[in-house]
Number of protein chains: 2
Amino acid sequence: MAANSQFSMAVHVLSMLAASRDENVKSDCIAASVNTNPVVIRRLLGQLAQANLVISQSGAHGGTRLAKCPNEINLADVYSAVACGEVFALHPREPNKDCPVGRNIEAVLCHLQKRIDRTITETLSGYTLADVFEMVEKGATA
Amino acid sequence: MAANSQFSMAVHVLSMLAASRDENVKSDCIAASVNTNPVVIRRLLGQLAQANLVISQSGAHGGTRLAKCPNEINLADVYSAVACGEVFALHPREPNKDCPVGRNIEAVLCHLQKRIDRTITETLSGYTLADVFEMVEKGATA
DNA sequence: CATATCTGTAACGATGTTAGTTACATTTGC
DNA sequence: GCAAATGTAACTAACATCGTTACAGATATG
């Protein structure tokens, strides 16, 4: 269960909200589509709200809706909102500093990590929620 | 401990081998630099050997060395050799197929996954082991 | 203002992955 | 034959993610 599905869930959730523009959608309803517990959804919505992607309302007739138009939300925003881990982890234990390689390898890997993260962000910024929703509606993978 | 450090370790290990071109390096020696158990290193070397990046020899005076020149090995090869997981996982539980979004979202996410993986591979293929080793020697992050 | 309905969040448990460790069979040079 | 290595299986420890329960707080509505 270790791999992180937050991004997948976020895209799913946002697609649900895009399907009901300007209506409050309840966490129970979203949870039913994602097939999980409403609390899991609310936790995720909290992160998306902090990133100003959605707006939630408490109380009766409450729920959540998009804070912007689907074409104003791109997937890079979503990716940074859910703060997924890096693509690859650094060493769990500190390398040996007495070794010329061990001493410097972490800086190099850290640089690579950032480089890749930038690449991912660039790629994701090419997709808006509107694009995703269109794909979902078509049932297409193009 | 969930995040995958195999790629980091692989780059470290290959840098060690690049530092001792044409010599057999023992797993104990590499383990000392990575600060882990030799068995962990041998497991990793097994994967790198299968990808034809290194060659191991059993027995006395055995060890491992690079199978090619450092400038013939690029990091995309390493990335695919250690078969890291995807950047983000799909839903752990199957979405609800009765929902229009739930029915189609997985195909879209799967498409996105592949798109990102391609981007990462492209970026990594821009670095050879020789590049990495040069950075390590300089202690620089550029 | 009482109530029903919703979100927000804390706390805990189940599950699964990763890496570390031990142990041992196998290979190979001397 | 012996010493020195790799290859690999099996087990354990640590940890992250997700699911679940429980409850406090907010808010429409009669």
Side-chain angles (χ1 to χ4, degrees), chain A residues 1-10 12-13 16-17 20 23-32 34-50 54-65 67 82-96, chain B residues 1-10 12-13 17 20 23-50 54-65 67 82-96:
Chain A
M1 193 189 288
N4 204 326
S5 64
Q6 298 254 83
F7 179 76
S8 289
M9 260 180 44
H12 188 153
V13 166
M16 292 286 293
L17 298 181
S20 305
E23 274 179 50
N24 277 342
V25 183
K26 293 172 219 164
S27 62
D28 286 50
C29 168
I30 301 174
V34 177
N35 189 20
T36 186
N37 195 293
V39 174
V40 173
I41 299 297
R42 275 180 253 152
R43 276 200 286 244
L44 181 59
L45 285 172
Q47 294 186 269
L48 298 177
Q50 278 199 315
V54 305
I55 295 172
S56 290
Q57 281 172 9
S58 295
H61 299 67
T64 306
R65 59 189 149 157
V82 296
C84 293
E86 303 286 346
V87 175
F88 58 87
L90 259 38
H91 302 74
R93 296 162 77 159
E94 176 129 325
N96 184 350
Chain B
M1 197 185 286
N4 204 328
S5 63
Q6 298 253 83
F7 179 76
S8 288
M9 260 179 43
H12 187 153
V13 166
L17 297 181
S20 305
E23 276 179 48
N24 277 343
V25 183
K26 295 171 219 165
S27 61
D28 285 51
C29 167
I30 301 173
S33 175
V34 177
N35 188 20
T36 185
N37 193 295
V39 174
V40 173
I41 298 298
R42 275 180 252 152
R43 276 200 288 245
L44 181 58
L45 286 172
Q47 293 186 271
L48 298 177
Q50 277 200 314
V54 304
I55 295 173
S56 289
Q57 281 174 8
S58 296
H61 300 70
T64 306
R65 58 187 151 160
V82 295
C84 294
E86 303 286 346
V87 176
F88 57 87
L90 260 38
H91 301 74
R93 296 162 78 158
E94 176 129 324
N96 184 350

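Worth saying up front: this structure is predicted, and the values here are computed from it rather than measured.
The 5' end of DNA chain C is approached more closely, in terms of each residue's nearest nucleotide, by A:H61 than by the other of A:R43 and A:H61. Nearest-nucleotide positions on DNA chain D place B:A60 closer to the 5' end than the other of B:S56 and B:A60. Nucleotides of DNA chain D nearest to A:M9 and B:G62 differ in position, and the one nearer the 5' end is that of B:G62.
One interatomic measurement links the two molecules: NZ of A:K26 to P of D:dA28, which rounds to 14 Å at whole-angstrom precision. Rounded to a whole Å, the NE2 atom of B:H91 is 15 Å from the C1' atom of D:dG19. Atom pair B:I55:CD1 and D:dT6:P shows a separation of 15 Å (rounding to whole Å applied). Spacing between atom CG of B:L44 and atom C1' of D:dT6 amounts to 14 Å, rounded to whole angstrom units. A:N4 has its CG atom 13 Å from the C1' atom of C:dT17, to the nearest Å. Residue A:L45 contributes atom CG, which lies 14 Å from atom C1' of C:dT9 at whole-angstrom precision. Across the protein-nucleic acid pair, A:R42 atom CZ and D:dG19 atom P stand 14 Å apart, rounded to whole Å. Atom CD in A:Q50 sits about 15 Å away from atom C1' in C:dT7, given to the nearest Å.
Looking at the side chain of B:S58, the nearest of the listed nucleotides C:dC30, C:dT28, C:dA4 is C:dT28.
Under 4.0 angstrom from either OP1 or OP2 of D:dC18 there lies at least one side-chain N or O belonging to A:S5. Side-chain N/O atoms of B:R93 include one lying less than 4.0 angstrom from OP1 or OP2 on D:dG19.
With rounding to the nearest 0.5 angstrom, the CD atom of A:E23 is 10.0 Å from the CZ atom of A:R65. A:H12 NE2 to A:N35 CG: the interatomic distance, rounded to the nearest 0.5 Å, is 9.5 Å. Separation of atoms NZ (A:K26) and CG (A:N24) is listed at 9.5 Å; rounding is to 0.5 Å.
At a non-hydrogen distance threshold of 4.0 Å, B:T36, B:N37, B:V39 from residues 27-39 of chain B come into contact with DNA chain C.
Listed for the A:S5 side chain is no donor-acceptor partner under 3.5 Å among the backbone atoms of B:A89.
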Contacts table for residues 40-49 of chain B: side-chain donor-acceptor under 3.5 angstrom, sequence neighbours left out:
unit_1 : atom_1 : unit_2 : atom_2 : d
B:R42  : NE     : B:S27  : OG     : 3.2
B:Q47  : OE1    : B:Q6   : NE2    : 3.3

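Residues B:T64 and B:L17 come closest through the heavy atom pair O-CD2, 3.4 Å.
In this structure B:F88 satisfies the ring pair (Phe, Tyr, Trp, His ring centres under 6.0 Å) test together with A:F7, sequence neighbours excluded.
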